[in-house]
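Here is the structure we will look at.
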Amino acid sequence: MLLTAVLATVNRVFYKVALVPLGDYVFFLAQFTTFGYVFVYWSAFLFNRSRGAISDGQLSFAGRRWQTFAWIGALEAGSVLLGMLSAKSLPGEILPVLSKLFLVFQMAFSKMLLKRRYSQSQLSGCALCVLGVVASAGSSLRLRSFDASPAVLFILSLALPALASVLKEKLFADARATLSEELNVFVVNTLGSSCQAVCVLLLLPVLAELQGVGDIREYLEEGASAFLSAPIWPCFYLAVNLFFNVSVLILLRTTSAVSVSLAMALAVPITALVFASWDVPLDVGPFKAQFSTPTPDMSAMLKLGGVSWNPINGKMAGFAGIVAMGYIAYHLFQLDGIFVPRLLYVYAFVVFLGALHICAFPSNPMPKKTKETKNNHGNFSDVIALSLIAVALSWYFYPQHLYQDLGPLKAQFRNESADLSTLRKFVAGLFLIIALIFSGVKWNPINGKMGGMGGFIASGYTAFSVYKADDEKFIPQLFYVYALVLFLGSLHIFAFPSNPPLAKPDKKD
């Protein structure tokens, strides 16, 4: 419960910070999370399915209970609609007070659907949390007259997700009783979020109208531009929010919906304390700004960017990571003359630790050699590796080519700067690591899925960023070539790997 409360607090803080670069595009962020999480949850679902964490029995159970998942999605989407309809007509200070009725609804639905009985201490604890939140909001609450209809709608908007949370708890309980195993959280997250996304899509015109959005397509394009112009904090929020959502379901599966509500209530005063005592900055703690001035060249480069490691396949990539990150740290130190805390030191340190792990302390034993997997080289991934090694070396030792036309390819960058030079050397190190990963790993139908998916996203986003930076005109540049090479390598390891899957070790061994 404490972990969920902490994640809830961090989630609220990052949400507040993420809204700074997005400005008036809060509605865009909401829709991006709704539909983006469907993709993320399905990816996690398929990954867990491939690992055997989601059994055939769980899939059969989910198929039999599809109506429950549909109800969960409809209830959560309906809550969004009713919340938008009512909240705009209510005084802001009354909303946190009314929202505490969520806990009351959860307890009532748990009593009706799960036949749960609550002890005196549990009831006292719930009352104490409600009183604490009311007391914290009381200083700003003022007596004023307002229409009761919006208040009733807002209260109903709280009842819907409360019922949805209890239905999820019932799914876990029923699966435990019928399957004799725990239902994987990604089964519930994936199917529930998918149904919610369908309902939100159907309600999108109404939701957009309530938010004062004119042309939906134009608004979404402008929201995407605002997101891509400063993606760091929104992405931090999305990552934390994903972990938070998963932790909520895990807590729901192991305890109850009421425990989840208590964790959420605990996060309210903690979040208020954070905002009261710390003016959340856009600088990252003690770390100084890495770059002095953003430029289109640096923006394009910043956007360029599931293996079981054993004593063999991690040597090449690990060695490259240790050398490359050591060099970038030395370069930063030389540039400043003294040690100045910067984010690139953190990035380099994280990559260095990962490289040291896969090079010297891999987590898996060597697989047995077979006739099918005896050779690791001579396939298409080596071609991609050699191409990326050439790119990395050219960025290290002949960076001038990036600032001049090369036949039909226009100059990638306009002007050299100290910031761009630092970033170029860091990215060159990443190119070298990726190249040796392509070459050093025996790619099979299992271990290439995550890396391939990441490559698709990175290559597509790189090409899109260059296109947007050139005012949505296609101008042949080296980054398109790099993106194509990365895409082809990702396609190879994702869909056409050169090795069969490793045979699972015999349990007798």
Side-chain angles (χ1 to χ4, degrees), residues 4 7 31-81 105-106 109-116 159-204 238 241-261 263 306 445-446 449-450 453 501 504:
T4 303
L7 284 174
Q31 306 320 307
F32 184 85
T33 55
T34 298
F35 296 102
Y37 284 4
V38 173
F39 172 79
V40 175
Y41 287 145
W42 272 108
S43 299
F45 176 91
L46 295 175
F47 176 71
N48 277 271
R49 174 63 175 166
S50 67
R51 292 175 57 247
I54 298 176
S55 64
D56 292 339
Q58 293 184 39
L59 292 181
S60 178
F61 174 82
R64 294 193 302 270
R65 301 295 294 273
W66 68 269
Q67 290 179 322
T68 304
F69 289 105
W71 272 111
I72 290 172
L75 289 169
E76 293 178 339
S79 172
V80 174
L81 176 61
F105 284 124
Q106 275 193 325
F109 289 133
S110 295
K111 175 70 174 176
M112 287 188 293
L113 298 179
L114 302 176
K115 310 300 181 185
R116 177 164 286 117
L160 299 185
L163 177 57
S165 66
V166 174
L167 288 177
K168 291 177 184 178
E169 184 182 354
K170 192 172 189 306
L171 282 173
F172 286 124
D174 291 348
R176 195 178 300 117
T178 59
L179 301 176
S180 300
E181 64 174 327
E182 293 288 351
L183 185 63
N184 191 286
V185 294
F186 286 107
V187 174
V188 179
N189 252 355
T190 302
L191 299 180
S193 297
S194 299
C195 294
Q196 181 186 0
V198 172
C199 295
V200 169
L201 184 62
L202 296 174
L203 295 172
L204 192 58
L238 294 175
N241 189 249
L242 275 171
F243 282 111
F244 167 65
N245 290 338
V246 173
S247 75
V248 166
L249 266 191
I250 292 175
L251 181 63
L252 181 66
R253 184 179 67 180
T254 55
T255 57
S256 66
V258 174
S259 297
V260 174
S261 287
I446 300 298
K449 290 294 185 286
M450 292 180 66
M453 182 61 67
K504 291 186 178 180

- Message: If you define the side chain from C-beta out and look only at heavy atoms, does anything of Tyr41 sit under 4.5 Å from Leu242?
- Response: yes
- Message: Determine whether Asn245 and Asn241 satisfy the following criterion, side-chain contact (heavy atoms from CB on, under 4.5 Å), listing intermediate values before the conclusion.
- Response: CA-CA 6 Å; Asn245 290 338; Asn241 189 249; 3.3 Å; yes
- Query: If every non-hydrogen atom of Cys199 is compared with every non-hydrogen atom of Ala74, which pair is closest and at what distance?
  - Reply: SG-CA, 3.7 Å
- Contact summary for Val38 and Ala197, nearest pair of heavy atoms: CG2-CB, 3.6 Å
- Query: Passes side-chain contact (heavy atoms from CB on, under 4.5 Å), Phe186 versus Leu249? Steps please.
  - Reply: CA-CA 9 Å; Phe186 286 107; Leu249 266 191; over 6 Å; no
- Note on the structure: Phe35 and Val200 have their tightest heavy-atom pair at CZ-CG1, 4.1 Å
- Item | Flag side-chain contact, heavy atom, 4.5 Å: Phe47 against Ser43 | no
- Heavy-atom check, side chain of Phe45 versus side chain of Asn184, under 4.5 Å: no
- Item | Atom of Trp71, atom of Leu167 and distance for their closest heavy-atom approach | CB-CD1, 4.3 Å
- Item | salt_bridge(Glu181, Arg176) N-O dist < 4.0 Å | no
- Message: I want to check something: taking the side chain as every heavy atom from C-beta on, are Phe105 and Val166 in contact at a cut-off of under 4.5 Å?
- Response: no
- Item | Flag, side chain of Ser60 to backbone of Asp56, donor-acceptor distance under 3.5 Å | no
- Does the side chain of Thr68 reach to within under 4.5 Å of the side chain of Asp174, using non-hydrogen atoms? no
- Query: What closest approach, in Å, do Leu203 and Ala77 show between heavy atoms, and which atom pair accounts for it?
  - Reply: CD1-O, 4.2 Å
- Message: Could you check whether any side-chain N or O of Ser194 sits under 3.5 Å from a backbone N or O of Thr190, counting only pairs where one atom can act as donor and the other as acceptor?
- Response: yes
- Task: With rounding to the nearest 0.5 Å, note down the distance linking NZ in Lys168 to CG in Leu75.
- Result: 10.0 Å
- To the nearest 0.5 angstrom, please state how far the CG atom of Leu163 sits from the CD atom of Glu76. 10.5 Å
- Identify the two heavy atoms, one from Lys111 and one from Arg116, that lie closest to each other, and give their separation to 0.1 Å. CD-O, 3.3 Å
- Message: Walk me through whether Leu238 and Tyr37 qualify under side-chain contact (heavy atoms from CB on, under 4.5 Å).
- Response: CA-CA 9 Å; Leu238 294 175; Tyr37 284 4; 3.7 Å; yes
- Item | pair Arg49-Leu59: side-chain heavy atoms closer than 4.5 Å | yes
- Message: For a 4.5 angstrom cut-off between non-hydrogen side-chain atoms, does Trp42 reach Leu191?
- Response: yes
- Message: If you define the side chain from C-beta out and look only at heavy atoms, does anything of Asn48 sit under 4.5 Å from Val187?
- Response: no
- Note on the structure: Rounding to 0.5 Å, atoms CD (Gln31) and OG1 (Thr34) come to a distance of 5.0 Å
